[in-house]
Amino acid sequence: MKKYIKPALLILLGAFIILQFFRGTPPEVRTDNPNDIMAHEVIDAEVATLLRNACYDCHSMESNYPWYTYITPLSWWIFEHVEHGREELNFSEWASFSMKRKLHKLEEISEETMEGKMPLESYTPVHAEAQLTDEQRQLISDWALGLVEKAKGN
Ligand code: HEC
């Protein structure tokens with residue numbers, strides 16, 4: 001039995017190294033975003049910081065990719081989160097959304113954040129700044145629902 005351990009480990013290591021050639025391409029990063037929500041909605045500094053720290057890696061064009069992002073198979077999983085996150089809600093494209101879409105997304109932001117579904121659970125252990133307290137969740141929610149109310153003219 002013992003004599004198989006070393007070759008087995010070597011095969012695993014070889015497979016891991018080969019995998020690194022198939023890491024995929026990280027979703028594009030862009031820092032100049034004239035349509036970004038920060039430039040188009042009233043948003044106080046505290047909420048802006050919370051969104052940037054807890055949401056922007058997956059919901060904007062300004063994703064940060066720390067070194068481990070590039071390790072396959074982690075890379076596949078992380079790049080997929082960013083792509084899917086942007087598809088659902090891309091803060092960098094905010095000004096291009098219809099009013100209906102904006103209002104819907106704002107309501108979803110409140111809901112997902114208050115229910116603890118966002119930021120994704122897999123994200124927060126390695127991003128201390130994205131671990132939101134109940135008060136911080138409430139701040140995000142109040143801001144989002146405040147904009148909805150304002151848009152509806154209440
Ligand atoms: C690690 C990546 C990641 C982070 C960080 C993250 N999200 Fe998400 N988010 C996703 C993905 C992936 C989806 C789509 C799949 C799903 O709903 O689980 C999503 C979906 C959503 C949706 C649903 C959109 C819809 O219309 O149904 C909202 C709203 C949302 N996120 C808001 C936020 C907010 C607000 C934050 C920060 C407090 C945040 N997310 C942080 C990855 C992320």
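Counting starts at 1 for both ligands and their atoms, following the listed order.
Checking K102, K100, K152 one by one against E107, the salt bridge (charged side-chain N to carboxylate O under 4.0 Å, His left out) holds for a single residue, K152.
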Going through the distances and angles, do L89 and E108 end up as a side-chain contact (heavy atoms from CB on, under 4.5 Å)?
CA-CA 10 Å; L89 170 64; E108 290 284 339; over 6 Å; no

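What sits closest to atom 26 (O) of ligand 1 on the protein, heavy atoms only, is K105 NZ, 2.5 Å. Shortest contact from atom 38 (C) of ligand 1 to any protein heavy atom: C55 SG, 2.6 Å. Looking from atom 2 (C) of ligand 1 to the surrounding protein, the closest heavy atom is C58 SG, 1.8 Å. Of the protein's heavy atoms, M118 CG, 3.6 Å lies nearest to atom 32 (C) of ligand 1. For atom 11 (C) of ligand 1, the closest heavy atom belonging to the protein is G85 CA, 3.8 Å. Here the protein heavy atom with the shortest distance to atom 5 (C) of ligand 1 is A54 O, 3.2 Å. When hydrogens are left out, the protein atom nearest atom 27 (O) of ligand 1 is E88 OE1, 3.4 Å; that is the closest non-hydrogen contact.
Distance check for H59 against atom 8 (Fe) of ligand 1: an N/O/S atom falls below 2.8 Å.
In this structure, the separation between CE on M38 and OG on S92 is 9.0 Å, given to the nearest 0.5 Å.
Not one N or O of H84 is nearer than 3.5 Å to an N or O of ligand 1, by distance alone.
S63 places a side-chain N or O within donor-acceptor distance of the main-chain N or O of D57, the cut-off being under 3.5 Å. Side chain of H59 to backbone of G85: a donor-acceptor contact under 3.5 angstrom is found. For the pair W143 (side chain) and A48 (backbone), a donor-acceptor distance under 3.5 Å is absent. Looking at Q20, its side chain does come within 3.5 Å of a backbone N or O of T72 through a donor-acceptor pair.
Using a 4.0 angstrom heavy-atom cutoff, D57 does not count as in contact with ligand 1.
Counting atoms of ligand 1 from 1 in the listed order, those under 4.0 Å from a heavy atom of H81 are 12 (C). Taking every non-hydrogen atom of E112 and a distance limit under 4.0 Å, the qualifying atoms of ligand 1 come out as 28 (C), 29 (C). Heavy-atom contacts of T113 reach the following atoms of ligand 1: 35 (C) (cutoff under 4.0 Å).
At a heavy-atom cutoff of 4.0 Å, ligand 1 is contacted by both the backbone and the side chain of I109.
Counting only N and O atoms by type, the side chains of S60 and R86 include no donor and acceptor under 3.5 Å apart. For the residue pair Q138 and D142, a side-chain donor N or O sits within less than 3.5 Å of a side-chain acceptor on the partner.
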